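Notes to accompany the following structure.
All of these numbers come straight from a predicted model, not from anything done at the bench.
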Amino acid sequence: MEKFIVAQFFIKPEHISEFRTLTNDLIKNTRLEPGNISYHLYQDVEDHTHFVFNEQFKDQTSFDAHTQTAHFNTFIAAAEHTYAKAPLIDIIR
């Protein structure tokens, strides 16, 4: 069964540019993963500190593999200091 994830990030205003730069490798490499169906980042037009990843993976195994990749873990470690508050992760199914 396909896996859908909505991951919301709230970024300190002074780190918006850095956060966007950090997402480049994550997005590029995630889209190359064999189990990835769709992976998009959106920035709120009214609140520029609010970012949303809409993610779709083939199945739970593909999603689990994604969370073990170097590009995912590098992003998480590098971006953590940019957060204004903890990310909200919703797993739709």
Shortest non-hydrogen contact between Leu22 and Ala78, atoms and distance: CD1-O, 3.6 Å
For Asp64, side chain to side chain donor-acceptor pair (under 3.5 Å) partners two or more places apart: Gln60
Any pair with a residue in residues 84-93 that passes side-chain hydrogen bond (donor to acceptor under 3.5 Å, both in side chains), sequence neighbours left out, goes on the list, sorted by first then second residue, please. none
Ignoring hydrogens, what is the shortest heavy-atom contact between Thr30 and Asn36? Give both atom names and the distance. O-CB, 3.3 Å
Any residue meeting side chain to side chain contact (heavy atoms under 4.5 Å, CB included) with Ser62, in chain and number order, not counting sequence neighbours: Phe57, Lys58, Asp59
Under the side chain to side chain donor-acceptor pair (under 3.5 Å) rule, collect the residues that match up with Thr82, sequence neighbours excluded. none
Intermediate values then yes/no, side-chain contact (heavy atoms from CB on, under 4.5 Å), His81 and Glu18: CA-CA 10 Å; His81 77 279; Glu18 178 184 3; 3.0 Å; yes
Those residues that, when tested against Ile27, pass side chain to side chain contact (heavy atoms under 4.5 Å, CB included) (two or more places apart): Thr23, Arg31, Tyr39, Leu41, Phe53
If hydrophobic clusters are built by linking Ile, Leu, Val, Met, Phe, Trp and Tyr wherever their side-chain heavy atoms come under 4.5 Å apart, do Val52 and Ile92 end up in the same one? yes
Give the intermediate values and the outcome of side-chain contact (heavy atoms from CB on, under 4.5 Å) for residues Asn29 and Thr69. CA-CA 9 Å; Asn29 289 310; Thr69 62; over 6 Å; no
By side chain to side chain contact (heavy atoms under 4.5 Å, CB included), which residues pair with Ser38, not counting sequence neighbours? His40, Gln56
Are Tyr83 and Val6 grouped together when hydrophobic residues (ILVMFWY) are joined by side-chain heavy atoms under 4.5 angstrom apart? no
Paired with Phe51, the ring-ring contact (aromatic ring centres under 6.0 Å, His included) test is passed by just one of Phe9, Tyr42, Phe19, namely Phe19
Taking all atoms of both residues into account, what is the closest heavy-atom pair of Ile16 and His48, and its distance? CD1-O, 3.4 Å
Using the test side chain to side chain donor-acceptor pair (under 3.5 Å), find all partners of Ser17 that sit at least two apart in sequence or belong to another chain. none
Apply ring pair (Phe, Tyr, Trp, His ring centres under 6.0 Å) to Phe72 and list each qualifying residue two or more places apart in sequence or on a separate chain. His66
Quick check on the hydrophobic clustering: are Phe63 and Ile76 connected, directly or via other members, by side-chain heavy-atom contacts under 4.5 Å? yes
Using the salt bridge (charged side-chain N to carboxylate O under 4.0 Å, His left out) criterion, which residues pair with Lys28? Sequence neighbours excluded. Asp25
In chain order, what residues pass the side chain to side chain donor-acceptor pair (under 3.5 Å) check against His50, with sequence neighbours excluded? Gln8, Asp44
Lys12 meets the side chain to side chain contact (heavy atoms under 4.5 Å, CB included) criterion, sequence neighbours left out, with Glu14, His15, Ala84
Side-chain heavy atoms under 4.5 Å apart, restricted to Ile/Leu/Val/Met/Phe/Trp/Tyr: what other residues fall into the cluster of Leu32, or is it alone? none
